[in-house]
Trainee: 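Submitted below is the structure of interest, expressed as structure tokens.
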Amino acid sequence: MESNFNLNGKIALITGSAGGIGWATAKTLARYGASVILNDIKSKEILEERKQEIKRDFNCEADALQFDVGDFEAVQNAYNEIFKKYKRLDILVNNAGSLFDNLVGMIRKKDIEQTFSTNTNGVIYNLQSAARLMERNKSGSIINIASIVGRVGNEGQVVYGGSKAAVIGITLSAARELASKNIRVNAIAPGFINTDLIKFLSPTIFNQRLNAVKMKRIGQPEDVANAVLFLASDLSSYITGQILGVDGGMIM
Ligand code: NAI
């Protein structure tokens with residue numbers, strides 16, 4: 001059986017790919033031969049620049065679709081465009097996410113709604129539309145970026161942790177439902193990764209989190225991107241419904 005990291009001919013959508021992990025993932029998948037579709041809620045200019053960079057550096061097809069993953073109609077429109085142009089989708093990386101930290105007593109309704117809209121609803125909307133496209137080819141790999149906080153919780157992260165625990169439940173249920181269609185669904189639970197998402201942390205919290213990493217270093221976006229590559233490729237063709245920690249041993 002031939003199976004390797006080669007993603008030639010595969011079409012991959014990476015949500016939130018103007019950010020740290022999404023951008024590293026888009027470049028990694030392109031490096032291994034995929035055509036990548038970038039997405040973010042951020043400005044069209046950033047996405048356009050990144051698209052050109054990918055095309056130039058990896059000599060591959062690339063597209064940029066600006067939309068809010070938590071906007072049901074916008075997601076459907078995006079997949080209509082993908083279908084029109086490519087007629088297929090092989091890899092979906094549900095990566096877009098926003099972080100909201102607050103103690104229980106301080107949580108506001110709008111923070112719950114916004115966090116769940118992106119981190120949870122967005123995952124379901126994209127998974128649903130992607131599965132419809134993947135079903136046509138009886139093949140696909142969906143990788144949901146959850147979080148260590150969705151597995152073990154954290155003080156001040158009731159909202160974020162809840163939104164990410166939901167991603168794990170979504171992954172397990174979708175994996176069961178879609179396995180017979182040869183669509184694999186896995187999640188990655190990153191630990192403490194060096195991106196803009198954590199740049200607001202106070203030095204005290206930063207050091208606390210770093211001390212919890214058994215490997216004694218902060219993770220890099222590429223550490224997560226390499227795990228995505230494995231789950232996207234045929235090397236993982238018999239793996240579904242798994243939650244892969246990329247956390248330097250924060251939880252074991
Ligand atoms: P980041 O902030 O660098 O990137 C997130 C990207 O998602 C941003 O570019 C942002 O504009 C985009 N985004 C936010 N809301 C969106 C929406 N509604 N629609 C489309 N795009 C949207 O953060 P990072 O670290 O690269 O995060 C990527 C994923 O990894 C997130 O789901 C995050 O929760 C998860 N994660 C990150 C960890 C870390 O330590 N950095 C740890 C555990 C999980």
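What's counted below: heavy atoms across the whole structure, side chains too, no hydrogens, waters or symmetry copies. All values reported here derive from a predicted model rather than from experimental measurement. Numbering of ligands and ligand atoms starts at 1, following listing order.
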Trainee: Tell me whether Arg184 contacts the main-chain N or O of Leu231 through its side chain, where contact means a donor paired with an acceptor under 3.5 Å.
Mentor: yes

Trainee: Look only at the side chain of Asn121 and the backbone of Gly70, and say whether a donor-acceptor pair between them is shorter than 3.5 Å.
Mentor: no

Trainee: Verify whether one side chain among Tyr79 and Asn126 offers a donor that lies under 3.5 Å from an acceptor in the other.
Mentor: yes

Trainee: Please check this pair: side chain of Lys55 against backbone of Glu61, looking for a donor-acceptor N/O pair closer than 3.5 Å.
Mentor: no

Trainee: May I have every N or O pair linking ligand 1 to the protein at under 3.5 Å, one per line with atom names and distance?
Mentor:
| from | atom 1 | to | atom 2 | distance (Å) |
| --- | --- | --- | --- | --- |
| ligand 1 | 3 (O) | Gly20 | N | 2.9 |
| ligand 1 | 9 (O) | Gly19 | N | 3.1 |
| ligand 1 | 9 (O) | Asp40 | OD1 | 3.4 |
| ligand 1 | 9 (O) | Asp40 | OD2 | 2.7 |
| ligand 1 | 9 (O) | Lys42 | NZ | 3.4 |
| ligand 1 | 11 (O) | Asp40 | OD1 | 2.6 |
| ligand 1 | 18 (N) | Asp68 | OD1 | 2.8 |
| ligand 1 | 18 (N) | Thr118 | OG1 | 3.1 |
| ligand 1 | 19 (N) | Val69 | N | 3.0 |
| ligand 1 | 21 (N) | Ile41 | N | 3.2 |
| ligand 1 | 25 (O) | Thr195 | OG1 | 2.5 |
| ligand 1 | 26 (O) | Gly20 | N | 3.4 |
| ligand 1 | 26 (O) | Ile21 | N | 2.8 |
| ligand 1 | 32 (O) | Asn95 | O | 2.8 |
| ligand 1 | 32 (O) | Lys164 | NZ | 2.8 |
| ligand 1 | 34 (O) | Tyr160 | OH | 2.6 |
| ligand 1 | 34 (O) | Lys164 | NZ | 3.1 |
| ligand 1 | 40 (O) | Ile193 | N | 2.8 |
| ligand 1 | 40 (O) | Ile193 | O | 3.4 |
| ligand 1 | 41 (N) | Ile193 | O | 3.1 |
| ligand 1 | 41 (N) | Thr195 | OG1 | 3.2 |

Trainee: Please examine the side chains of Ile37 and Ile11, heavy atoms only from C-beta on, and report whether any two atoms are closer than 4.5 Å.
Mentor: yes

Trainee: Answer whether the closest heavy-atom distance between the side chains of Tyr160 and Asn154 falls below 4.5 Å.
Mentor: no

